[in-house]
S.K.: 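First the structure, which I've put down as structure tokens, then a few questions once you've had a look.
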Amino acid sequence: MSVKWGLIGASTIARQFMINAIRAQSDGEVAAVMSSSPERATAYAGENNILLAVSTLDGLLGADIDAVYISTTNELHLEQALAAVRAGKHVLCEKPLALSSSDARKMVAAAKAAGVVLGTNHHLRNAGAHRTMREAIAAGRIGKPIAARVFHSVYLPENLQGWRITKPEAGGGVVLDITVHDADTLRFVLGDDPVEVSCFTQSAGMAGSGLEDGAMCIWRFKSGVIAQSHEGFTTKFAGTGFEVHGSEGSLIASNVMTQKPIGSVLLRTAAGEEELSFDREDLYARSVRQFHTAIRGEGRPAATGEDGIWSLTAAEAALQSASSGKAVRIDPKLGSMN
Ligand code: NDP
């Protein structure tokens, strides 16, 4: 049986990655798209070969669909997810799940009560590079993990220089945009949860309205691992990377904080250097594939709703730290990942 998807949001991410990811599944179908503007809905549906275009949430939720993919601006996720859950639809929601972790908890609780699947589209844990690093660490190949470094400062493409840098009310800013991903990827790769963060943010010239376009965080994890992460919208030539350093070795990944299955992972130990191979499956296709598995009751989304709560709680703590100038604890009673 195929999974019929309704897209909530005529967005760039759906157009560039998620429509293809759904269509890459043998059992995936993009049945409808909703935009707040009837003209944009029709144009988007036409450009992307989607049969049904609607401009209201009720119109979309009343259509013949099984699941929704929410990729509107961040302030809309809560209300749209709750409505979809009420209509009995499974929900794959973009990060951040909402503007606050308490709202995210409401979404996850509602989905649980309704018996529908809710997942967070943290694509990076679907990357072969990160999965290989996680496996190498779990297998003890770097000994005891000591420290990690995430390099995730990019240049926001011109076509995306909109609400992210102008609208605090839409959940703009680099922390809700990129730090959430880094918090999730650190949790996933280390198999550990952050307990505390200290963060500095900056406005380096791109973001207005008091929003930040650069951030550096220092994280402490349950196991005692410390990590640093750098997120930015304004650096054109920085490159990305992810390193984990342990007592017996280091993992050094380059060009891996990206939307594509690219980059490299090097393992350096006393025995020398080894390039680790990993699968190159499309990150978003894997996300949808896992979500379909969860709908069939045979697994879980790659990133669950609980994972989305964690990443948003971590980002929220980072923002709080940046404004208070103090380290902020990340509530650990949310539970740990598998
Ligand atoms: P976009 O700015 O492309 O789309 C967001 C909304 O803006 C759309 O829902 C649409 O509203 C409106 N919009 C889009 N184009 C136009 C236009 N030309 N004129 C007027 N309004 C327009 O956002 P993104 O695709 O970059 O991000 C959407 C969500 O996805 C966010 O939550 C973001 O955090 C997340 N994201 C996740 C990524 C990941 O890899 N996991 C990567 C990128 C984004 P309407 O639907 O009403 O037409």
Side-chain angles (χ1 to χ4, degrees), residues 6-22 32-48 50 52-57 59-60 68-81 91-99 103-104 107 119-127 130 152 154 156-185 188 211 231 233 240 256-262 282-288 290-291 301-303 307-308 311-312 315:
L7 309 181
I8 301 185
S11 69
T12 308
I13 178 74
R15 178 165 46 77
Q16 289 184 335
F17 291 98
M18 289 300 285
I19 292 173
N20 288 341
I22 292 168
V33 62
M34 187 211 105
S35 162
S36 58
S37 140
E39 296 76 34
R40 211 160 49 238
T42 307
Y44 194 94
E47 283 156 20
N48 296 289
I50 301 169
L52 182 64
V54 297
S55 59
T56 65
L57 197 51
L60 186 91
V68 299
Y69 166 60
I70 300 178
S71 63
T72 46
T73 48
N74 303 328
E75 83 285 15
L76 300 172
H77 296 175
L78 169 71
E79 173 207 327
Q80 292 167 337
V91 177
L92 178 57
C93 186
E94 268 307 339
K95 42 49 66 170
L97 281 185
L99 295 189
D103 282 350
M107 293 159 68
T120 312
N121 206 28
H122 276 307
H123 62 296
L124 287 164
R125 47 167 78 209
N126 291 294
H130 297 299
H152 199 172
V154 297
L156 190 64
E158 247 169 63
N159 65 310
L160 294 184
Q161 291 179 23
W163 58 270
R164 279 181 177 78
I165 53 170
T166 56
K167 285 196 173 172
E169 68 279 14
V174 79
V175 171
L176 286 184
D177 201 47
I178 305 184
T179 307
V180 277
H181 278 313
D182 292 348
D184 183 68
T185 312
F188 178 74
L211 284 171
E231 297 85 23
F233 285 155
T240 70
V256 293
M257 304 309 285
T258 130
Q259 297 179 290
K260 302 213 169 118
I262 56 177
D282 180 88
L283 282 59
Y284 298 93
R286 187 176 188 283
S287 174
V288 177
Q290 284 288 116
F291 196 84
D307 292 321
S311 62
L312 181 50

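As the structure is a prediction and not an experimental result, all values here were calculated from the model. One-based numbering, in listed order, for ligands and for the atoms of each.
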S.K.: With a cut-off of 4.0 Å, which atoms of ligand 1 are near a heavy atom of His77?
M.R.: 32 (O)
S.K.: Near Ser36, which atoms of ligand 1 are under 4.0 Å from a heavy atom of that residue?
M.R.: 45 (P), 47 (O), 48 (O)
S.K.: What atoms in ligand 1 come closer than 4.0 Å to a heavy atom of Asn74?
M.R.: 31 (C), 32 (O), 34 (O)
S.K.: Not counting sequence neighbours, which residues clear ring pair (Phe, Tyr, Trp, His ring centres under 6.0 Å) with His123? List them please.
M.R.: His181, Tyr284
S.K.: Output yes when a side-chain donor or acceptor of Thr179 lies under 3.5 Å from a complementary backbone atom of Leu176, and no otherwise.
M.R.: no
S.K.: Among Val54, Leu52, Val33, whose side-chain contact (heavy atoms from CB on, under 4.5 Å) with Leu60 holds?
M.R.: Val54
S.K.: Considering only heavy atoms, which of Glu94, Glu75, Arg40 lies nearest to atom 13 (N) of ligand 1?
M.R.: Arg40
S.K.: Please could you name the atoms of ligand 1 that Asp177 approaches to less than 4.0 Å, counting only its heavy atoms?
M.R.: 34 (O)
S.K.: So between Leu76, Thr72, Val180, whose heavy atom ends up nearest atom 29 (C) of ligand 1?
M.R.: Thr72
S.K.: Just which atoms of ligand 1 are under 4.0 Å from any heavy atom in His123?
M.R.: 39 (C), 40 (O), 41 (N)
S.K.: State if Arg164 counts as touching ligand 1 under the rule of any non-hydrogen atom under 4.0 Å.
M.R.: yes
S.K.: Hey, which atoms in ligand 1 end up nearer than 4.0 Å to a heavy atom of Gln259?
M.R.: 40 (O), 42 (C)
S.K.: For ligand 1, note which part of Leu160 has a heavy atom under 4.0 Å away: side chain, backbone, both or neither.
M.R.: side chain
